[in-house]
Each structure stands twice: as C-alpha cells, then as structure tokens.
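These notes are about the structure you will find just below.
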Amino acid sequence: QVWLVESGGGWVQAGGSLRLSCADSGRIFGRSTMGWFRQAPGKEREFVGGIAWSGGVTNYGDSAKGRFTISRNNAKNMMYLQMNDLQPEDTAVYYCAAGMISYIPVRRDEYDYWGLGTQVTVSS
C-alpha cells in the first residue's frame, strides 16, 4: 500500500521560513516523481513544485520560484520543501503527491497518490 504523510506545517510570521517534509511508504518512492501542491480556502489546488525521481531535476510554480526549494532523500523515502520569505498569500494546506512518471507535471490529475496535507499559516 502506498501512503504519503506531510509534516512540518505551522504558523509563522511574514518573512519567516518553514521546512515541510513528506514521508513515503517506500513502495514507489525511488521510482516516482514527487510534487508539492497547495490549496488556500476558496481556491484551486495549485502546483508549487516537483522533483524527478533522481533528484537532479526540479520544476517550480511561479509562486515558489526564488523562495522555495524542493529536495529528496531516496534512501530515507523523504521529500522536503524549504520555504523562505513566507508571505500571507502562502497560507494554505500543503500536499505532497507522487506519480509514476518520468517528467514533472504541473497538473494535479497526473499524480497518482496524495497525502492528507499540512496547514501553513503566515501572518502579516
């Protein structure tokens, strides 16, 4: 069975940083593209970024470029999202996702597995 669990969310003031983690069951981690999405109240789920299975290729959504960094440790079945200079508009539930694909899609329907999400709240 494949499962994904996010952690590391919380409350932070504007300009602060958080590091999210995504733990994978390990059944597909080393062979899957991993992604981060976020969803704010009343808005569509938005692509934050993704990382290919090898860890050597990443892709970021416009909101994340220059502030967020995705990394992964295949030996530990873990993916990370380092978020710096957080702003109130970054407030959302953050989800990790996994897909048995060789590229990094931005569409949520191209990912096969999802975690339940972790809340990130940024106050001004």
Side-chain angles (χ1 to χ4, degrees):
Q1 186 175 356
V2 177
W3 49 259
L4 301 172
V5 179
E6 304 92 341
S7 62
W11 174 88
V12 65
Q13 287 189 318
S17 299
L18 282 175
R19 187 194 194 207
L20 305 185
S21 299
C22 174
D24 177 276
S25 58
R27 296 182 66 86
I28 64 166
F29 192 82
R31 298 175 284 121
S32 61
T33 288
M34 302 295 294
W36 286 101
F37 285 75
R38 69 184 186 184
Q39 189 165 17
K43 294 189 176 182
E44 294 289 317
R45 193 167 296 190
E46 172 191 22
F47 175 74
V48 175
I51 186 167
W53 69 270
S54 66
V57 178
T58 55
N59 185 28
Y60 295 93
D62 289 341
S63 63
K65 290 178 181 176
R67 299 187 300 133
F68 296 180
T69 303
I70 296 174
S71 60
R72 66 189 293 168
N73 184 329
N74 288 348
K76 294 184 177 181
N77 299 325
M78 295 291 294
M79 177 179 63
Y80 307 98
L81 177 64
Q82 177 65 44
M83 304 186 293
N84 298 326
D85 191 25
L86 284 161
Q87 301 299 317
E89 53 265 34
D90 295 314
T91 295
V93 177
Y94 284 71
Y95 299 89
C96 70
M100 298 298 290
I101 40 185
S102 60
Y103 56 96
I104 305 173
V106 300
R107 288 173 44 179
R108 55 183 291 188
D109 61 0
E110 297 193 65
Y111 289 83
D112 304 301
Y113 304 98
W114 291 84
L116 296 180
T118 185
Q119 175 71 46
V120 171
T121 303
V122 185
S123 64
S124 58

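Side-chain atoms are counted along with the backbone in the values below, which use heavy atoms only and exclude waters and symmetry mates. It should be emphasised that the depicted structure is a prediction, and the values quoted were computed from it without experimental measurement.
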Among the clusters formed by ILVMFWY side chains lying less than 4.5 Å apart, do [X] and [Y] turn up in the same one?
X: V5; Y: V120; result: no
X: W36; Y: W114; result: no
X: V48; Y: Y60; result: yes

Min side-chain heavy-atom separation [X]-[Y] under 4.5 Å:
X: Q39; Y: E44; value: no
X: L81; Y: M83; value: yes
X: T33; Y: P105; value: yes
X: L20; Y: F68; value: no
X: L18; Y: L86; value: yes

Donor-acceptor contact below 3.5 Å, side chain [X] vs main chain [Y]:
X: N84; Y: G16; value: no
X: E6; Y: G117; value: yes
X: T121; Y: W11; value: no

Taking all non-hydrogen atoms of both residues into account, name the closest pair between Q82 and S17 and its distance.
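Shortest heavy-atom separation between Q82 and S17 comes out as NE2-CB, 3.9 Å.
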Closest non-hydrogen atom pair between S124 and P88, with its separation:
CB-CG, 3.8 Å
Using 0.5 Å steps for rounding, measure from the [atom1] atom of [X] to the [atom2] atom of [Y].
X: W53; Y: I104; atom1: CH2; atom2: CD1; result: 12.5 Å
X: M79; Y: I70; atom1: CE; atom2: CD1; result: 6.5 Å
X: C96; Y: M78; atom1: SG; atom2: CE; result: 9.0 Å
X: I101; Y: M34; atom1: CD1; atom2: CE; result: 10.5 Å
X: E89; Y: K43; atom1: CD; atom2: NZ; result: 8.5 Å
X: T69; Y: Y80; atom1: OG1; atom2: OH; result: 14.5 Å

Name the one of D85, T91, D90 that satisfies side-chain hydrogen bond (donor to acceptor under 3.5 Å, both in side chains) with Q87?
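Result for side-chain hydrogen bond (donor to acceptor under 3.5 Å, both in side chains) with Q87: D85.
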Compute both the distance and the angle, then confirm whether R45 meets the cation-pi test with Y95: under 6.0 Å from the six-membered ring centre, within 45 degrees of the axis.
yes
Side chain to side chain contact (heavy atoms under 4.5 Å, CB included) evaluation trace for F47 with N59:
CA-CA 10 Å; F47 175 74; N59 185 28; 4.0 Å; yes
Check whether the side chains of Q119 and Y94 place a donor and an acceptor atom closer than 3.5 Å, and report yes or no.
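Side-chain D/A pair, Q119 to Y94: absent.
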Begin with the C-alpha distance, continue with both residues' side-chain angles, and end with the deciding distance and a verdict on side chain to side chain contact (heavy atoms under 4.5 Å, CB included) for S54 and R72.
CA-CA 9 Å; S54 66; R72 66 189 293 168; over 6 Å; no
Under 6.0 Å between ring centres: does that hold for Y111 and F37?
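Between F37 and Y111, which both carry aromatic rings, the centre distance is below 6.0 Å.
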